[in-house]
Protein chains: 2
Amino acid sequence: MSSAKARVQAVKQHLSPEEERALAVSPVESMKEERNKAAFDIRAMTYLLDGGKSATLVRERMMLELERDQVFRMNDFHDLTKDQLRERTMEKFRSLLHHLTNESVNTFRKRMEVVSLVDPGFWTRFGVHYGLFFGALQGSATPGQFSYWASKGAVSLNGMIGCFAMTEIGHGSNVAGVETTATFDEASDQFVIHSPTITATKWWIGGAAHTATHAVVFAQLLVGGKRYGVKSFVVPLRDPNDYSLLAGVNIGDIGKKMGRDGIDNGWITFTNVRIPRSYMLMKHTKVSRSGQVKEPKLQQLTYGALLQGRAAMVVDSGNVAKKALTIAVRYAAVRRQFATKANQGVETKLLDYPIHQRRLMPLLAQAFAMHFTGTEMMEMYLTMMDQLESASPDDADLQQVMENLKETHATSAGLKAFCTWNCLNTIEQCRQACGGHGYSAYTGLAGMYQDFAVHCTWEGDNTILTLQAGRYLISSYREAQEGKKLGSGVAYLNNLNQLIGKKCSVKNVEEIVSVQVITEAWDVVCANAVQQAAEEFDGCVKRGVDVDEAYEQCSQSRLYAAKLHSYGYLFKRFVDGISKASEDLRKVLIDVCYLYGLYTIEDNAGAFLQYEYFSPAQISFIRSKVNGLCKIVRDQAIPLVDAFNYSDYIVNSPLGRKDGDVYVHYFAQVKQQNPPKEHPYFDRLIKPLIHRKANEDDLDEDEEGGLEDEDEEEDAE
Amino acid sequence: MSSAKARVQAVKQHLSPEEERALAVSPVESMKEERNKAAFDIRAMTYLLDGGKSATLVRERMMLELERDQVFRMNDFHDLTKDQLRERTMEKFRSLLHHLTNESVNTFRKRMEVVSLVDPGFWTRFGVHYGLFFGALQGSATPGQFSYWASKGAVSLNGMIGCFAMTEIGHGSNVAGVETTATFDEASDQFVIHSPTITATKWWIGGAAHTATHAVVFAQLLVGGKRYGVKSFVVPLRDPNDYSLLAGVNIGDIGKKMGRDGIDNGWITFTNVRIPRSYMLMKHTKVSRSGQVKEPKLQQLTYGALLQGRAAMVVDSGNVAKKALTIAVRYAAVRRQFATKANQGVETKLLDYPIHQRRLMPLLAQAFAMHFTGTEMMEMYLTMMDQLESASPDDADLQQVMENLKETHATSAGLKAFCTWNCLNTIEQCRQACGGHGYSAYTGLAGMYQDFAVHCTWEGDNTILTLQAGRYLISSYREAQEGKKLGSGVAYLNNLNQLIGKKCSVKNVEEIVSVQVITEAWDVVCANAVQQAAEEFDGCVKRGVDVDEAYEQCSQSRLYAAKLHSYGYLFKRFVDGISKASEDLRKVLIDVCYLYGLYTIEDNAGAFLQYEYFSPAQISFIRSKVNGLCKIVRDQAIPLVDAFNYSDYIVNSPLGRKDGDVYVHYFAQVKQQNPPKEHPYFDRLIKPLIHRKANEDDLDEDEEGGLEDEDEEEDAE
C-alpha cells in the first residue's frame, strides 16, 4: 500500500467522504508520496551533478541572488511586449556587470549558466559583448590593440559596448562569402568599409539596434586591388554621447522574432565608412603602412575561440532539458486522469501510465547523458584553449595541439547539433506531455521552445555541423586505415577489423543489459556507418568526382554516421559520469544509463539490425526491457528531477512547482497577470454585431443560396 | 548547361563582370530557371489537388476576397500585441458572417479552410461558435430547443454568441471526470450549475473572456441525489446589452499563449447559477418535470459531431504543410551558399545540395500524401454523418452505420494524431531549412509553428488518440480472427495468414520501387505489429490483468501499431489520389509517391528488418534509392509547390514569394514594420552605464578576486 493511501486510511474516521477523496487526489499529497520513494540521497546526487558540494553552494547562492534581484523578476515576463522586454533586458546589464566585477571568470561563467536558464535573451545580449566582441578582440587583436580597446572601455563597458557583425542577409554559414568590403586606402592610411549590395547588409547583429557603439565587422580585405579573404575590423557605429549614428552607418531594427525578443538584433549597412588602419584586428593577418599584407602560418589557430559558443550550447542543452523535465515530470506526478474500478474512482496519476513513462523517462535519461557530456565537453574545450594559448608556433608539441583542436572542433560540432536538437525535442515533448496546459505561456514550456529554437541554426547551422563531424569521422577512418592511433573519442575506429561484422554474442538476452555490450553495440554500428560513408566517399573520388563534390554526394551517410557516433559518444560519457558516483547513487544511475543506452538502440533499431549486431529477437527483448526500465526509473523520477536542484524561481512554471500545488498557483498566476478590466471593444465591435437590425444580413433559410451576385438588401426578408 | 547559365552567356558581351555575376546569382533569375524545369502542366496539377477546375476558381476567388478585405491585412500581423490581436480578430466576425449569409455550407467550409491558412486564431474563435456551440445544439438539442436557440440568434449571432465549456483546469481528456455539477431542483424546475472546487474551474474556454453571451456547459447531471454522468446545458453568461456578467458567473482571461493569441480563451466558475430545466440539451438524455431521467439507447450516436474537428485537422495538416513547404522550397531555390571551383565562384543553390534535398523532398512527398488523405478523410466523415442523420434507431442498417462510425472514429483519431505531428515537424524542419531567417517572425514559419502546435493536444490529445486507434486495430484483429470481413482501411488484417512471415520476394532490388511491393511491405509490417500488440494484450488478460489495465500495459505496442498503420494508410491514399490523375501528372506524382513510400520505410527500417520483410541489403538499396528520388523530385520541386497555388498573400512570407525576390521584400518588410525612431531608453539606461565615473565598479585587474564580501566602494581603485 502506498504511503499516501496509508495516511488517508489513518485519518479516515475524521473525514467526510468528500474530504477523503480530496486528500487522495491532492496534488501536494501526491508529490510527497513520490518524493518519499527516493532510493538515494538526493543531496548527494546534486553534488555529483554540480561537481561537488561547493559548486552546489555557489550555484544556490547565484539562484538566490538572481531571485532577489528585482530586475530579474520573472512573474510578468511572459506578458511583456517586445519593446518592454528589450528595455527590461538592458536594465539587467548593470546588475551583471556588478557581478562580473566581483568574481572570477570561472565563477562568472557558472553564473551565466544560471542566467541562461532564467532569461536566455539577456544571456545572449550580454554575451554579444563579452563572448563575441570581446572574444574577437582576445582572439584576433594584437596585444597593443587589445590594450587600446580595453582603455576605451571594452572590458568594463565604461565608454563603449561592442557587437559582432559577421552574418549578412545573403550570407550565413559561408563566412568566406560575405560581401562587405574593407578596402585599404594607402593615401589616408585608412580602410573603407562598404556594403556594395542589398545582400551585403549585415543582418541579425545582436545589440546593433539599440546597444552597441562599436562592431567587429567581418569584411573582404582588399589591398592594392587584390582580395585577401575575410578579416575582422573594429568599426565605430555611434557617438557614445548621444547614440547618433556615425556618417555612412545605417542601422535598423530586425524586429520581432520567434523568441529571445530581449535581444535588439539589427541590420547595418556601411557606405564608405572610413576607419584607421590600426582598427583592423592584426594578430594573424597584418597590413603595413605601405600596404604589405602578411598572412599567418596557421589560419586554423584563429578558430579556437569560436568553439566556446558551441561548448556552452552543449552545456545549455543539458540544463534546459533538465528544466523542461522538472516541469513535465512534476506535473505528471500530480495530474490525474481517468479513474479505474480498482482505485475506487480516484483518477490515475499520469506518471503511472506506461505510455506516459515512455514519453518522459527516456528523455530524463537523455538529460543525464547530456549533462555529463556537457561537463566533459566544456573541460575539453578549456584544456584545448589553455594548450592553444601557451603553444608557440614553433613548439614541438604544436602538432599535438592542432590534433586536439581538430578533435575538439569536430566533437563540439556534432554534439552542438545533436544536443540542441535533442533538447528542442525534449522541450516540445514535455510541453505536449502537459496536455493543453503546455500551450499556456505561464507554464513556461512554450517560451522555452521559442527561445531555444535558435540554438539549432546559429553559431553553425546544425545540419552543416553534423556534416563537419561526419567529415572528421571519414578522415579519422582513413587515418586509422593508415595505422595512426586516434584520439579517445574515435579510438574505436582503430579496432575496425574486430568490429565490422561482429554480432552480439550473449548467451542469455538479459546479458545485453550491461555497459560492455551496449558500448560494443554502439562501437559496431558506428564503425559500420563510418566505413560505409568513407567507402561511399572513396567510390565517388575513384569515379573522378572532385573531393568537395564527393563529400556532398555522401552527405546523407555522413550525417547518419555522425548521428550514430554522437549517440554512442553520449552513452560513453554517461558511463564516465557514473564512474565517479558513490555506490548508492550508482545503483540508481545505472538504470537510467541502461535506459538511455537501450532506448537509443531501440530508436535506431534500423542500424543495429542493418549491421546485424542484434537479431530481431534481441531487439524485441530490448523493446520490452525499455518498458521495464521506464517503470523502474519512473519510481525515482521525482527524486531525480529534485536532484537537478532548480529553485521554483528558476523553473518559473506553476506546473513545475516543487510542492506540487500546481492548480492553485497556476490559477493565481493567470489571475494576477490578467486582472478584470473594462471590456476593451464591446461598444465598438460586439454591440453593433449582436444588436444589428433583424433584417440585416441574417442567414437565409435557403443555405444553398448562391446569393453572392445579389444585392445584400434584397436578400433580406 | 542550365538555362540560367545559357542566358548569362548569351548576354555576356554586354555585361561587366560584376553584372554578370549578379545575374548568375539573381534570386529572380534562379526562380525562373527552376520554374522552367516543369515537366507537367502546373495548372492541371492544381485542379487535381483542388478536386477540379471549378473548385480551384472558387478557392482563388476566396483568396482574392480575403486579400482585399482590409480587416484581413497581414503585413502588420506579427507585430500586433495580444490585445491588438484580440480586437483585430473580433473585427473579422462581421466580415465572415457576411459570407456565411451569402453562400452554401459547403462553400463556406472551403472558405474556412482558406481562412485557417491565413489566420488560424480567427478560424478557431469563429469556429467556437459555429463548430462547437452550434455543433452541440445540432447534435444534442431537441428540434424544439434548436428552434428556440435559433430564434435567440444562435444561427445569425444576432442576439447571442456561444462558447463551449467542456474542459476544466483539472480535467481535460477525461470528459467523464469533470466536476462541475448540474443539480435538478424540482421545486423551481431549474438546474443549479455549480463549480465545487478549484479543479472544477472551466478552463481554456475559447470566446469566454470577451465574446460569448452563452455557453454549452458540460456538467455532472444530479437528479434526486443520483449521478447520471456528464450532460450538456446552455448557460447564459452575460447580459447581451452590456456584457456584464450574470449573477454567480465569474469569468477571467486565460492570457498569453504559445500562439493563436487572437482567441480570447477564458476561465469560468459557476456559483449556484440557476437555469430553466429546458436549457439542458435533451435530444439524448431527458429529464422530466417530475425528475424522471430517460437515457438514450445508443450513447455513441452523440459523438459523431465531435469527429468534425478531427477530420478538419487532417485537412489542415496537409494545407499548412504545403504552405510551410512553399516557403522553404522557394527559398532553397534562390538562396545560395558556398562556391565551388566548378561553378566559377557562383555559390550553389541550397536546393542543389543532396543534404538539403534530403531535408525537404521527403516532407514535400508527405504533404502530398496528407493532402490526398485529408480529402478522403473529410469525405468519409461527411458520408458517415449523412448516414447517421438519416438512420433511425430501429433501422436494419443501423448496425452498418455503427460500424462506419467506429471506423471513422478510429481512422480520424490515428490520422489526426500522426498528421498533426507530421505537420508540426514539417513546419519546424522548414523553419530550420531557412537557416537564421527562419527565426524571424516576418518569414512566417515561427508563427506557423506557434499557432499549429496546439493541434497536437486539443480535440483529443494525440497520444490518447493513437491509443484509441491502436485499440481499434486490436479489436479489428480479433474480429478478423473470428472470421469477420473488415472495412477497407483494416482489410489487410483479413489476410493475416498470407502476411505474417512474408518476405519481399523480388528478384531484382529495383522491383522494390513499385506500388505493389511497397503496399505489401506496409501490410506485412502492420499485420505483424498489430498481431504483436494483440498478443501482448491477450497475454495480459490471460494472466488475469483486467481489460483496461491490459490495454495500458500494451500501450507502447498499440502506439507503434497505430503509427505503422497510419503511415501505410497514408501511402495507400496517396496511391488512390494518383489514380485519378492524367498520364502527364501521374508520371511526376508517381516519383513523389515512391519517395514517400520508400522514405517512410527507411525511416521505420527497424520494423521492416525486425519482421524480416526486407533484408539488410534491400534496406541499403532503399536508402540509396531515396537519395535518387530526392534528386528527381528536386527538379520538379518549384513546379510542385507552385501547384499548391497559394497566393503571395496567403503564403505571407518574403522568403516564399513566387517571384523569388526574397531579399528585397524581406528587407522592405523589416523596415516597414520597424521604422527609425528615438532611442527608447538611452538616457535612462545606457548613458548612465557607459558614462559612469571611472572608479565606479570597474573590472579589477585581479580577476580571481573573490571580492563578494567586501563593500563595493572599497573595491574601487
Side-chain angles (χ1 to χ4, degrees), chain A residues 78-79 81 87 90 94 98 101-102 104-105 155-156 159 169 172 174 198-199 204 240 243 252-253 255-258 337-338 354-355 358 432 435-436 439 441 446 454 456-457 461 552 555-556 605-606 609-610 616 619 663 670-671 673-674 679 681-682 685 689-690 697-699 703-704 707-708, chain B residues 78-79 81 87 90 94 98 101-102 104-105 155-156 159 169 172 174 198-199 204 240 243 252-253 255-258 337-338 354-355 358 432 435-436 439 441 446 454 456-457 461 552 555-556 605-606 609-610 616 619 663 670-671 673-674 679 681-682 685 689-690 697-699 703-704 707-708:
Chain A
H78 301 297
D79 281 293
T81 65
E87 190 156 350
M90 192 71 223
R94 192 60 178 271
H98 168 75
T101 313
N102 284 292
S104 74
V105 169
V155 185
S156 62
I169 190 173
N174 180 20
I198 186 173
T199 43
W204 283 124
Y243 265 46
D253 189 338
K256 193 88 182 71
K257 302 188 293 289
M258 188 176 197
Q337 206 161 269
F338 296 105
I355 200 73
R358 267 283 187 168
Q432 291 188 28
Y439 203 61
V454 73
C456 299
T457 48
D461 176 80
E552 294 309 333
S555 53
Q556 180 62 19
L609 290 164
Q610 169 88 40
I619 290 288
Y663 299 115
V670 165
K671 282 199 274 195
Q673 286 303 111
N674 302 278
H679 196 300
Y681 45 77
F682 173 70
L685 295 172
L689 179 75
I690 71 166
D697 70 27
D698 248 0
L699 190 69
E703 289 192 335
E704 301 301 313
L707 301 165
E708 301 92 341
Chain B
H78 301 297
D79 281 292
T81 63
E87 190 155 350
M90 192 70 223
R94 191 61 176 272
H98 168 75
T101 312
N102 284 291
S104 75
V105 169
V155 185
S156 63
I169 192 173
N174 181 20
I198 185 173
T199 43
W204 283 124
Y243 266 46
D253 188 339
K256 193 86 182 73
K257 303 188 293 289
M258 187 176 197
Q337 206 161 269
F338 297 106
I355 200 73
R358 267 283 187 169
Q432 291 188 27
Y439 202 62
V454 73
C456 299
T457 47
D461 176 79
E552 295 308 333
S555 54
Q556 179 62 20
L609 290 164
Q610 170 88 40
I619 290 288
Y663 299 116
V670 165
K671 281 198 275 197
Q673 287 303 112
N674 302 278
H679 197 300
Y681 45 77
F682 173 72
L685 295 172
L689 179 75
I690 71 166
D697 70 25
D698 248 359
L699 191 68
E703 288 193 336
E704 300 302 314
L707 300 167
E708 300 91 341

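Here is how names work: the chains are called A, B, and so on, in the same order as the sequence lines, proteins then strands, and each is numbered from 1.
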Taking every heavy-atom pair that is under 4.5 Å apart, which of A:Gly172, A:Ala605, A:Pro240, A:Gly252 has the most such pairs with chain B? A:Pro240
Applying ring pair (Phe, Tyr, Trp, His ring centres under 6.0 Å), name anything that partners A:Tyr243, two or more places apart in sequence or on another chain. B:His679, B:Phe682
Contact summary for B:Asn174 and A:Gln337, nearest pair of heavy atoms: CB-CG, 4.2 Å
Of the listed residues (A:Leu685, A:Asp253, A:Ile169, A:Leu609), which shares the most heavy-atom pairs with chain B below a 4.5 Å separation? A:Ile169
The salt bridge (Lys or Arg N to Asp or Glu O under 4.0 Å) partners of A:Glu552 (sequence neighbours excluded) come to none
Among B:Thr199, B:Thr81, B:Val670, residue most engaged with chain A (heavy-atom pairs, under 4.5 Å): B:Val670
So what's closer than 4.5 Å to chain B heavy atoms on A:Gln673: side chain, backbone, both or neither? neither
Closest non-hydrogen atom pair, A:Gly436 against B:Thr457: N-CB, 4.2 Å
Pick whichever of A:Pro354, A:Pro616, A:Gly159 has the most heavy-atom pairs under 4.5 Å with chain B. A:Pro616
Among A:His78, A:Lys671, A:Arg358, the residue with the most heavy-atom pairs under 4.5 Å to chain B is A:Arg358
Contact part of B:Gln610 toward chain A, heavy-atom cut-off under 4.5 Å: side chain, backbone, both or neither? both
With a 4.5 angstrom heavy-atom cut-off, is it the side chain or the backbone of B:Asp461 that approaches chain A, or both, or neither? side chain
With a 4.5 angstrom heavy-atom cut-off, which part of B:Lys256 approaches chain A: side chain, backbone, both or neither? both
